[in-house]
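Data block below; observations after.
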Amino acid sequence: MIESERLRPAGEFGSGQFEFGEWTTPFTDAEVEILEVAYVVREQGGSELLVRIRDLYADTIYRLVFSTISAVRLLDEGELLEFWEKTAELGGRPGRTTFRVRNHAWTRESMISFLASDGTSFVIASNNECVEVVSVTAPTIVAG
């Protein structure tokens, strides 16, 4: 894990201590819209999750490809009140649009989905929808 992506405050998965972590992307603090979320089965075997977003500031479309996922959810941003309450309680989060979380309600509801990772998930938050992905690795991000 690179220094800029370390979770803070330090806690153990399953400790119940909610944590935000950094996830630096070209659109970390931009306003985005989610254009597509697709589960793709590759011809050579395996699968991946494709998320396409548009950075409304730069008018750029990005493709994010998660190659190792164990869970994904797409929710209306209003469904994630826990995130927004913790943002206020903790004095902010590391990114407006992209960040990671650990020890939140979903980890307790679907613990087995998080066991392959260190208990973290990647979040892309727009003004309307949020995509949360449990993956061992960050996605590949390509502009265009």
Side-chain angles (χ1 to χ4, degrees), residues 1-42 45-58 60-143:
M1 179 180 314
I2 62 176
E3 185 68 24
S4 67
E5 292 186 341
R6 186 177 39 201
L7 290 171
R8 52 177 201 252
E12 300 278 330
F13 171 51
S15 71
Q17 181 181 1
F18 184 100
E19 301 172 38
F20 280 121
E22 292 180 304
W23 175 29
T24 304
T25 66
F27 46 89
T28 296
D29 290 312
E31 184 173 334
V32 300
E33 68 178 333
I34 297 166
L35 302 174
E36 177 181 16
V37 178
Y39 182 76
V40 179
V41 177
R42 291 179 254 151
S47 60
E48 59 193 20
L49 182 74
L50 166 69
V51 180
R52 281 190 334 119
I53 62 117
R54 177 180 327 206
D55 178 336
L56 298 176
Y57 294 157
T60 303
I61 293 176
Y62 290 96
R63 296 181 69 232
L64 293 82
V65 178
F66 291 88
S67 59
T68 55
I69 65 165
S70 58
V72 62
R73 64 182 184 166
L74 174 66
L75 299 167
D76 177 279
E77 62 89 25
E79 303 279 330
L80 295 172
L81 291 178
E82 178 186 26
F83 289 6
W84 317 142
E85 289 169 358
K86 290 296 184 181
T87 296
E89 181 182 314
L90 297 174
R93 58 184 186 266
R96 174 182 177 208
T97 303
T98 58
F99 52 92
R100 297 180 316 137
V101 294
R102 179 163 54 188
N103 294 325
H104 58 302
W106 194 26
T107 61
R108 291 183 299 278
E109 295 164 1
S110 300
M111 185 175 273
I112 199 158
S113 297
F114 289 84
L115 291 179
S117 73
D118 66 351
T120 64
S121 57
F122 295 86
V123 178
I124 304 164
S126 75
N127 286 335
N128 297 313
E129 298 89 22
C130 294
V131 177
E132 184 176 3
V133 180
V134 180
S135 176
V136 175
T137 59
T140 301
I141 301 173
V142 178

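Nothing here was measured: the structure is a model prediction, and the numbers come from that model. What you see below is based on every heavy atom in this structure, not just the backbone, and it leaves out hydrogens, waters and symmetry mates.
Taken to the nearest 0.5 Å, the CD atom of E19 stands 5.5 Å off from the CG atom of N103. In this structure, N128 CG and L75 CG are separated by 13.0 Å, a value rounded to the nearest 0.5 Å. Distance check, rounded to the nearest 0.5 Å: CD of E31 to CG of D29 gives 12.0 Å. Note that CG of L64 and OG1 of T140 are 9.0 Å apart. Values are rounded to the nearest 0.5 Å. How far OH of Y39 is from OG of S47: 3.0 Å, rounded to the nearest 0.5 Å. Rounded to the nearest 0.5 Å, atoms OG1 (T60) and CZ (F27) are 10.5 Å apart.
Closest heavy-atom contact between A125 and W84: CB-CH2, 4.0 Å. Nearest heavy-atom pair across S126 and V32 is CB-O, 3.1 Å. Contact record, P94 with G21: CG-O, 3.2 Å, taken as the closest heavy-atom pair.
E89 pairs by the side-chain contact (heavy atoms from CB on, under 4.5 Å) definition with K86, not counting sequence neighbours.
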Please lay out, stage by stage, how I61 and L35 fare under the test side chain to side chain contact (heavy atoms under 4.5 Å, CB included). CA-CA 9 Å; I61 293 176; L35 302 174; 4.0 Å; yes
Yes or no on side chain to side chain contact (heavy atoms under 4.5 Å, CB included) for T25 and Y62, after CA distance, side-chain angles and deciding distance? CA-CA 10 Å; T25 66; Y62 290 96; over 6 Å; no
Dump the intermediate steps for side chain to side chain contact (heavy atoms under 4.5 Å, CB included) on R93 and F83, then the final yes or no. CA-CA 9 Å; R93 58 184 186 266; F83 289 6; 6.0 Å; no
Decide ring pair (Phe, Tyr, Trp, His ring centres under 6.0 Å) for W23 and F99; before the verdict, give the C-alpha distance in whole Å, the side-chain angles of both, and the deciding distance to 0.1 Å. CA-CA 5 Å; W23 175 29; F99 52 92; 8.6 Å; no
Dump the intermediate steps for side chain to side chain donor-acceptor pair (under 3.5 Å) on S67 and E48, then the final yes or no. CA-CA 5 Å; S67 59; E48 59 193 20; over 6 Å; no
Is there a side chain to side chain contact (heavy atoms under 4.5 Å, CB included) between V133 and L49? Walk through the geometry before answering. CA-CA 9 Å; V133 180; L49 182 74; 3.6 Å; yes
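Using a 3.5 Å distance cut-off with no hydrogens or angles, the side chains of T97 and T28 do not pair a donor with an acceptor. Between the side chains of S121 and E132, a donor-acceptor pair is found at a separation under 3.5 Å.
The shortest side-chain heavy-atom distance between E129 and V131 does not fall under the 4.5 Å cut-off. V123 is listed as a side-chain neighbour of V101, based on a closest heavy-atom distance under 4.5 Å. Put simply, the side chain of L74 does not reach to within 4.5 Å of the side chain of C130, judged on heavy atoms. Contact check for I124 versus I53: side-chain heavy atoms found under the 4.5 Å cut-off. With a 4.5 Å cut-off on side-chain heavy atoms, I34 and E36 do not count as touching. Using a 4.5 Å heavy-atom cutoff, the side chains of L56 and E33 are in contact.
The neighbour count for R63 CZ, taken as heavy atoms of other residues, nucleotides or ligands under 6.0 Å away, does not exceed 12.
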